[in-house]
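All remarks here apply to the structure that follows.
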Amino acid sequence: LFRSTVTVVPWDYKFAEEDYDGIMLSNGPGNPEMCKETISQIQKAMEIGKPIFGICLGSQLMALAIGANTYKLKYGHRGHNQPCIDLIRDRCYLTSQNHSYAVDDSTLPDGWEVTFRHLNDNTVAGIRHASKPFSAVQFHPEASSGPQDTFYLFEQFYQQILTGAAQ
């Protein structure tokens, strides 16, 4: 029997020391490089190996935690009509985005792949680990730009929590 409890913690909370089934790295404002304590906690959580899913700033923080780099976009991505392609399923989605930073895909370490690309400028819009249950998207699947087009990402994360395996 799976019991669902969500605990919300602040950015500097030592969540890697808690007993948990999975971690959702949420969105937020600002330069991801300023969140050094959070990045450190993500690294510790990744050593444990339980599922982690990042959204927006959470995606950038995950990238920094694995040693990749981020950079400031010239204009940023804003709005509910940002086109992204799902490279795994070969489908396009209109997504909701509001951020100024992106992940530099040339700095992703071995074992990591780009799963989504922004179609306006080809920037990284999603990453995942090839064998561990770690993934993230730069857009907001919870914002339902289309009628829950990317809701399957939450279902995947839930299945990873249940099975502990990458999807």
Side-chain angles (χ1 to χ4, degrees), residues 1-73 76-78 82 84 95-105 107-109 111-116 123-145 148 150-167:
L1 181 64
F2 183 74
R3 183 175 53 101
S4 179
T5 301
V6 175
T7 303
V8 179
V9 299
W11 68 273
D12 60 348
Y13 188 79
K14 294 185 178 3
F15 55 83
E17 298 172 8
E18 297 290 329
D19 181 28
Y20 60 87
D21 297 312
I23 296 173
M24 173 79 61
L25 302 171
S26 66
N27 55 304
N31 182 345
E33 293 180 11
M34 303 284 291
C35 303
K36 296 195 185 313
E37 180 61 34
T38 306
I39 294 165
S40 174
Q41 287 298 308
I42 296 167
Q43 289 169 331
K44 290 175 185 174
M46 288 180 151
E47 289 174 12
I48 295 167
K50 292 184 180 179
I52 303 174
F53 181 59
I55 295 173
C56 195
L57 178 65
S59 178
Q60 299 159 18
L61 293 173
M62 183 180 288
L64 291 170
I66 63 173
N69 295 325
T70 58
Y71 62 94
K72 188 164 177 56
L73 295 164
H77 298 148
R78 314 259 183 254
Q82 301 294 312
C84 287
T95 65
S96 176
Q97 299 188 24
N98 185 23
H99 58 269
S100 299
Y101 292 84
V103 173
D104 180 352
D105 57 326
T107 64
L108 287 173
W112 286 83
E113 65 181 331
V114 175
T115 55
F116 286 87
T123 54
V124 173
I127 59 174
R128 76 175 179 186
H129 192 275
S131 62
K132 297 178 182 173
F134 309 144
S135 61
V137 291
Q138 185 59 63
F139 54 87
H140 293 266
E142 79 282 6
S144 299
S145 295
Q148 299 183 339
T150 55
F151 190 75
Y152 73 91
L153 295 167
F154 293 110
E155 292 168 347
Q156 279 181 334
F157 179 59
Y158 180 70
Q159 285 303 312
Q160 289 174 336
I161 288 172
L162 293 177
T163 65
Q167 300 277 311

>> Taking salt bridge (charged side-chain N to carboxylate O under 4.0 Å, His left out) as the cut-off, I'd like each qualifying pair that reaches into residues 39-66, sequence neighbours left out, listed once.
In response: Asp19-Lys50
>> To check you understand the geometry: which heavy-atom pair defines the closest contact between Leu108 and Ala68, and what is its length?
In response: CD2-CB, 4.0 Å
>> Rounded to the nearest 0.5 Å, what separates atom OG in Ser96 from atom CD in Gln82?
In response: 8.5 Å
> With no hydrogens and no angle check, is any side-chain donor or acceptor of Glu113 less than 3.5 Å from a backbone partner on Arg128?
Replying inline: no
> How many angstroms lie between CG in Leu61 and CD in Glu33, if you round to the nearest 0.5 Å?
Replying inline: 10.5 Å
> When rounded to the nearest 0.5 angstrom, what is the spacing between CD1 in Ile39 and CD1 in Ile66?
Replying inline: 11.5 Å
> Once the angle between the rings of Trp112 and Phe134 is folded into 0 to 90°, is it parallel (under 30°), tilted (30 to 60°) or perpendicular (over 60°)?
Replying inline: parallel
> Side chain of Gln60, backbone of Thr70: donor and acceptor closer than 3.5 Å?
Replying inline: no
>> Let me confirm one number: the CZ-NE2 distance from Arg78 to His99, rounded to the nearest 0.5 Å.
In response: 7.5 Å
>> How close do His140 and Gln97 get, counting heavy atoms only, and between which atoms?
In response: CD2-CA, 4.1 Å
> Just one of Tyr158, Phe151, Tyr152 clears the side chain to side chain contact (heavy atoms under 4.5 Å, CB included) bar with Phe154, so which one?
Replying inline: Phe151
> Within a strict 4.5 Å, meaning less than it, do heavy atoms of the His77 and Thr123 side chains meet?
Replying inline: yes
>> Do Asn98 and Cys56 have side chains that approach each other closer than 4.5 Å (heavy atoms only, starting at C-beta)?
In response: no
> Rounded to the nearest 0.5 Å, how far does OG1 of Thr7 lie from OH of Tyr13?
Replying inline: 8.0 Å
>> Just to verify, what does Tyr20 make a ring-ring contact (aromatic ring centres under 6.0 Å, His included) with, not counting sequence neighbours?
In response: none
>> If I take atom CH2 from residue Trp11 and atom CD from residue Gln41, how far apart are they, to the nearest 0.5 angstrom?
In response: 11.0 Å
> What is the minimum heavy-atom distance between Cys84 and Phe139, and which atoms define it?
Replying inline: SG-CD2, 4.1 Å
> Val9 versus Glu18: any side-chain heavy-atom pair under 4.5 Å?
Replying inline: no
>> Which residue in the set Ile23, Leu153, Ile161 passes side chain to side chain contact (heavy atoms under 4.5 Å, CB included) when paired with Phe53?
In response: Leu153
> Looking at Met62 and Ala136, what are the two nearest heavy atoms and their distance?
Replying inline: SD-CB, 4.0 Å
>> Restricting to non-hydrogen atoms, name the atom on Asp12 and the atom on Thr38 that form the minimum distance, rounded to 0.1 Å.
In response: N-OG1, 4.4 Å
> Where is the tightest heavy-atom contact between Ala45 and Ile52, given as atom of each residue plus distance?
Replying inline: CB-CD1, 4.0 Å
